Amino acid sequence: MTRERYNPKETEPRWQAAWEEKQLFSTSNDDSRPAYYVLEMFPYPSGRIHMGHVRNYTLGDVLARYKRAKGFSVLHPMGWDAFGMPAENAAMQNKVHPGEWTWANIASMRNQLKPIGLSLDWAREFATCDPSYYKHQQRLFIDFYKAGLVDRKTAKVNWDPVDHTVLANEQVIDGRGWRSGAVVEQRELTQWFLRITRFADQLDNALDSLDRWPEKVRTMQRNWIGRSEGLLVRFAIANAAATPGADGQRDLKVYTTRPDTLFGAAFIGIAADHPLARTLAAQNPALASFIADIRKTGTAQEAIDKAEKRGFDTGLRVAHPFDPDWTLPVYVANFVLLEYGTGAIFGCPAHDQRDLDFARAYDLPVTPVVCPPGVEPATFLIGDEAYDGEGQLINSRFLDGMSASDAYEEVARRLETAQLDGAAVGERKVNFRLRDWGISRQRYWGCPIPMIHCDACGVQPVPVDQLPVTLPEDVSFDKPGNPLDRHPTWSKVDCPNCGAPARRETDTMDTFVDSSWYFARFTDPWNAGAPTTATAVARFMPVDQYIGGVEHAILHLLYSRFFTRAMKETGHVDLEEPFTGLFTQGMVVHETYRDASGAWTEPGDVRIESSGADRRAIHVKTGEPVSIGPIEKMSKSKKNTVDPDDIIAAYGADTARWFMLSDSPPERDVIWTDEGVQGAWRFVQRVWRITQEVASLEAGSGDGPSPVARALRKAAHHAIAAVSDDIEKLRFNRCVAQIYELANAIQSAINNATESGDGSVDVVDALREANAILIQLLAPMMPHLAESCWEALGRKELVATAPWPVHDPAMLVEDEITLPVQVNGKRRADITVARDADRATIEQAALAEDGVKRAIGDAAVKKIIIVLQRIVNVVI
RNA sequence: GCGGUCGUGGCGGAAUGGUAGACGCGCUAGCUUGAGGUGCUAGUCCUGGAAACGGGGUGGAGGUUCGAGUCCUCUCGACCGCACCA
């Protein structure tokens, strides 16, 4: 029989309008049902949605729709991470105001997003560049400031002398500004910092509790925080008077995680920027020129990799803490970092590779003090490799014979009690790699830092009732630098304290600040008086499932975790961890194509021909062969992008969503292929056809129970259980497989019924039930098709409002089960027995099988292992 | 160098320690349909055999176990992250 094909172009907008009209996805803050918060990382409004967005939002949407059907009040919002540099670059290139550009992009991206059919609560939409949002961010900043969580200090920054702005480390490529190409300078600037280090220990410890986060992300954060336990040791300076520039210097503080190796010390290294190095250099031209020289070696990673260990003997000597007569030379060394620890180290060449390289270059003694297990101490020598493992202490006086960890404790204990100038020589110290978060940016298109500089009163926060500090509209981008800085009037303001003329802060905030609390704002974006509403936060936070790309594994997620703690401390939320569940999805990738001249060729211009195992690509216009290149992340430069608009126009949103979900596990990359999309398209049509056939079936003769019907019901209820479980675990590719299996089962039952004429009442009933279940199970993934099918089944309400089907456990229980029978672990036969058959019955049945008899042959049966309802293994 | 993830058909991928390869793509054959992205049926890990029925098989080598893709040890390879952090 002929049926009309399913036409998404007609149905998809219709169902979207129906959902909209009934406001199905707007979430009330007063709802007695349990809440569930699904959030995908909000997009930067670049102007176009790409396939990565479609994948990200589809994953979240499946979960949102499923949880809604399970009876939760689901919060699933969308907004825009709308501040940032691209808007300013566009302003410079096209003479369009960053705000205008951004809002136009938001409008067009919203229009692209809507046809995907996502169940989003658009009533909560906001953009971070809107003063109604950043007003509250300024309030948070001031509250943090008052709580001592904000710091203003000088810091070394990457300065682009052409663009007149600070660059983030990742914006410096081979020592040059990524945009201007100018050689980046290191400058000391006074900057605003958020004191993330105050929470370093908490941020590290709490990672253990985030058991619904990928292990990988937790490890990355742990490394980034870089907690280490060690000892601060003060070395007395032995010859201050004899060293020009060292007058008054009494001690030098060093941080070490290996106090056990103290007797292997050969030298002290200090950073080029260490205060002591500076004072010494002021009296020592040779040292000054050495420092200037090593500063020149680039900051680029490659340069650091290749840099040789270099040092300069300052002439200064310090005394060993356990032996005042033993002095160590103090070097300025290029591999010692000022930013970590105290900016000074003691070098133990035998047990640290860097120190060893240095010692070899400057001919310093290499004394092994930790002997590896099983090695004779007398013969233990260090060659080109330092030994950093455990072992027994040697050449270490009172430590000799101890294990390294006991020696660590012994040294720490002794130095904690030893005195130098009235203070302890040693102090246990937990150190972190994590630095405070510098948020000052010399840019226009960001959230203004709400501070005022007064000559008399110093730095003053803007009074809260004067917020927001809005960005001026009349700015120009024809010159490099920060337009706020050169605006004639904007920065002029009266000091809130004394009323004298003062100056606004013209730096704006790093855009990572904007995204560090937006998830909390979504719980009540209507609150004009405060950033958050306690009841709304309590209702929805933390986010139950957060979904986004792994590229934000460190910065965004760590900043958000910090912000949540800071907001707790300032009374804006009552929780510490913002995201209990985190999922990092893979990228959308595609084959690349190049024509004969080597030019990248778009997938739309390529036709793939295959015969057998051969795949060849041909240019559709020229007919010339095209070479198929590696599969890579979709990018404009390689022209291997597929435009969501085109796909939706050709196949509809459901096909695109289904394919995204079906082909790969969500955490892995998915390869976009035209064949795959067509397969998804065929399945859409197939579901539609099946539904129409089932809907038109008329119950024939026969009213007894049918085994066909029973098998179908089992398949359907099994699918309910499996799909539900897989959605909970975000294993959508397995859901898809389950749904295919159910569709196949329905298909064969239909064929069976129509061919044999066995359309008994029971079979038709079972078909209708299974078909309804099929539609409901795929509804979270292909919501439009599901509505159309639901309607075809004669249902009056929307499937989007239908409760999730519940499986009947009785349907999953088999009366008879088929057990594989192995002989010595190899399967030789199957037996079918009653579900509750006892061991003796099973054993008898197993040994009666021909295949089993043949495999046993003349051998004696040693043992028979029977795992009930699983397997039988005969051991011979 | 350090840390993490992962190696399964032609491809994407399934397998609470219990029948390896579900499901899809592709391919093969037959039927159907036929002007515009068809549909249905059967087959598709390798290998011997007409078949029945065998042999082998989850990067490699060992081990634990009645039984290993799964657990353990070593090893090879790929990808990702960090990288002079004392």
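Per chain, numbering begins at 1; letters A, B, ... match sequence-line order. Every heavy atom of this structure was used, including side-chain atoms; hydrogens, water molecules and symmetry mates were not. This structure is a prediction, so every number in the text was calculated from the model and none was measured.
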- Message: Is B:rG9 syn or anti, taking syn as a glycosidic angle within 90° of 0?
- Response: syn
- Among B:rG18, B:rG13, B:rA22, the one nearest any side-chain atom of A:R668 is B:rG13
- Message: Counting only side-chain heavy atoms from C-beta out, which of B:rC84, B:rC80, B:rU19 sits nearest to A:N334?
- Response: B:rC84
- Phosphate OP1/OP2 of B:rA86 contacted by A:Y255 side-chain N/O (<4.0 Å): no
- Message: So A:N733, base contact, sugar-phosphate only, or nothing? Heavy-atom distance under 4.0 Å.
- Response: sugar-phosphate
- Message: Over all strands shown, is A:R435 touching base, sugar-phosphate only, or nothing at heavy-atom distances under 4.0 angstrom?
- Response: base
- Task: Quote, to the nearest angstrom, the C1' distance that separates B:rG21 from B:rC72.
- Result: 26 Å
- Message: Just to be sure I understand the rule, does A:P665 reach a base, reach only the sugar-phosphate, or reach nothing, if contact means heavy atoms closer than 4.0 Å?
- Response: sugar-phosphate
- Query: Quick one: does NZ or CZ of A:K309 land under 6.0 Å from the six-membered ring centre of A:F358, within 45 degrees of the ring axis?
  - Reply: no
- Task: Provide, to the nearest angstrom, the distance between the CG atom belonging to A:L337 and the P atom belonging to B:rA83.
- Result: 11 Å
- Query: If you draw a 6.0 Å radius around NE2 in A:H556, do more than 12 non-hydrogen atoms from other residues or ligands fall strictly inside?
  - Reply: yes
- Find which nucleotide of RNA chain B each of A:Q738 and A:D669 is nearest to by heavy atoms, and output the residue with the more 5' nucleotide. A:D669
- Answer yes or no: side-chain N or O of A:R870 and base N or O of B:rU16 forming a donor-acceptor pair under 3.5 Å. yes
- Could you state the atom-to-atom distance from CG of A:N824 to C1' of B:rG56 in whole Å? 17 Å
- Could you state the CG-P distance from A:L778 to B:rC23, rounded to the nearest angstrom? 18 Å
- Message: Tell me whether the side-chain N or O atoms of A:K309 pair up with the base of B:rC84 as donor and acceptor below 3.5 Å, since no angle test is needed here.
- Response: yes
- Message: If I pick the P atom on B:rG56 and the same atom on B:rU8, what distance separates them, to the nearest angstrom?
- Response: 23 Å
- Ranking A:W681 and A:F335 by the position along RNA chain B of their nearest nucleotide, the one closer to 5' is A:W681
- Message: Using a 4.0 Å heavy-atom cut-off, does A:R222 contact any base of the nucleic acid, only the sugar-phosphate backbone, or nothing at all?
- Response: nothing
- Message: Please name the nucleotide paired to B:rA86 by Watson-Crick or G-U wobble geometry with both distances under 3.5 Å, or report none.
- Response: none
- Message: Measuring only the P atom in each nucleotide, how far is B:rC45 from B:rA52? A whole number of Å is fine.
- Response: 15 Å
- Counterpart base for B:rU58, defined by Watson-Crick or G-U wobble contacts under 3.5 Å: none
- Where the side chain of A:R854 is concerned, which of B:rG18, B:rC84, B:rC53 is the nearest nucleotide? B:rC53
- Message: If I compare all heavy atoms of A:I225 with all of A:A200, which pair ends up nearest, and what's the gap?
- Response: CG2-O, 3.8 Å
- Query: With both distances under 3.5 angstrom, what nucleotide forms a Watson-Crick or G-U wobble pair with B:rC71?
  - Reply: B:rG63
- Task: Anything under 30° is parallel, anything over 60° is perpendicular, the rest tilted; go ahead and classify A:F335 against A:F267.
- Result: perpendicular
- Item | Distance, P atom - from B:rG24 to B:rG77, rounded to whole angstrom | 37 Å
- Task: Scan A:V254 against the nucleic acid and name what it touches under 4.0 Å (heavy atoms): base, sugar-phosphate only, or nothing.
- Result: nothing
- Query: Between A:W688 and A:Y6, how do the two ring planes meet: parallel, tilted or perpendicular, split at 30° and 60°?
  - Reply: tilted
- Task: Could you work out the separation of B:rA14 and B:rG7 based on their P atoms and round it to a whole Å?
- Result: 9 Å
- Query: When you compare B:rC80 with B:rC74, how far apart are their C1' atoms, in angstrom units rounded to a whole number?
  - Reply: 24 Å
- Query: Which nucleotide in the list B:rG18, B:rC66, B:rA22 gets nearest to the side chain of A:K863?
  - Reply: B:rC66
- Query: Counting any heavy atom closer than 4.0 Å, what does A:V875 reach on the DNA or RNA strands: base, sugar-phosphate only, or nothing?
  - Reply: sugar-phosphate
- Message: I need the CD-P distance between A:E632 and B:rC80, as an integer number of Å.
- Response: 11 Å
- Test: A:R433 cationic atom under 6.0 Å from A:W224 six-membered ring centre, within 45° of axis: yes
- Task: With C1' as the reference atom in both, quote the distance from B:rG13 to B:rG81 in angstrom, rounded to an integer.
- Result: 25 Å
- Looking only at B:rC40, B:rG39, B:rC82, the nucleotide nearest the A:R682 side chain is B:rG39
- Task: Give none if B:rC6 has no partner; otherwise give the nucleotide forming a Watson-Crick or G-U wobble pair with it, both distances under 3.5 Å.
- Result: B:rG77
- Message: Return the pairing partner of B:rU28 with a 3.5 Å limit on both distances, Watson-Crick or G-U wobble; otherwise return none.
- Response: B:rA42
- A:A650 near the nucleic acid: base, sugar-phosphate alone, or nothing, with a heavy-atom cut-off under 4.0 Å? base
- Polar contact flag, side-chain donor to acceptor under 3.5 angstrom, A:R218-A:N223: no
- Item | Nearest-angstrom distance from the residue atom OH of A:Y740 to C1' of B:rC25 | 9 Å
- From the list B:rC40, B:rG18, B:rC82, which nucleotide is the closest neighbour of the side chain of A:Q747? B:rC40
- Message: From CZ of A:R731 over to C1' of B:rA22, roughly how many Å is that when rounded to an integer?
- Response: 13 Å
- Name the pairing partner of B:rU33, where a pair is Watson-Crick or G-U wobble with both distances under 3.5 Å, or state none. none
- Query: Atom CD1 in A:I871, atom CD1 in A:I866: separation rounded to 0.5 Å?
  - Reply: 11.5 Å
- Note on the structure: A:I671 has its side chain closest, among B:rG12, B:rG4, B:rA86, to B:rG12
- Message: Counting the atoms with a prime plus P, OP1 and OP2 as sugar-phosphate, which does A:S664 contact under 4.0 Å by heavy atoms, base, sugar-phosphate, or nothing?
- Response: sugar-phosphate
- Query: Does the side chain of A:D830 pick up a donor-acceptor pair with the side chain of A:T818 at under 3.5 Å?
  - Reply: no
- For B:rU33 versus B:rU28, give the span between their P atoms, rounded off to a whole number of Å. 22 Å
- Checking all strands, does A:N744 fall into the base, sugar-phosphate, or nothing category for heavy-atom contacts under 4.0 angstrom? sugar-phosphate
- What nucleotide among B:rA86, B:rA14, B:rU41 has an atom nearest to a side-chain atom of A:N751? B:rU41
- Task: Measure from CH2 on A:W658 to C1' on B:rC23 and round the result to the nearest Å.
- Result: 10 Å
- Message: What's A:Q685 touching, base or sugar-phosphate or nothing? Going by heavy atoms closer than 4.0 Å.
- Response: nothing
- Task: Hunt down the Watson-Crick or G-U wobble partner of B:rG12, both distances under 3.5 Å, from any strand shown, or write none.
- Result: B:rC23
- Query: Just how far is it from atom CD1 of A:I817 to atom CZ of A:R870, taken to the nearest 0.5 Å?
  - Reply: 10.0 Å
- Query: Which base, if any, makes a Watson-Crick or G-U wobble pair with B:rA52, both distances under 3.5 Å?
  - Reply: none
- Note on the structure: Checking B:rC84, B:rG67, B:rU19 against the side chain of A:I871 (C-beta onward), the nearest is B:rU19
- Task: Quick one: label A:K826 by what it contacts on the DNA or RNA (base, sugar-phosphate, nothing), any heavy atom closer than 4.0 Å.
- Result: sugar-phosphate
- Message: I want to verify a distance call: between B:rU5, B:rG12, B:rU19, whose nearest atom is closest to the A:D663 side chain?
- Response: B:rG12
- Spacing of A:E667 atom CD relative to B:rG12 atom P, expressed in whole Å: 15 Å
- Message: At 4.0 Å (heavy atoms only), tell me whether A:E741 reaches a base, stays on the sugar-phosphate, or touches nothing.
- Response: sugar-phosphate
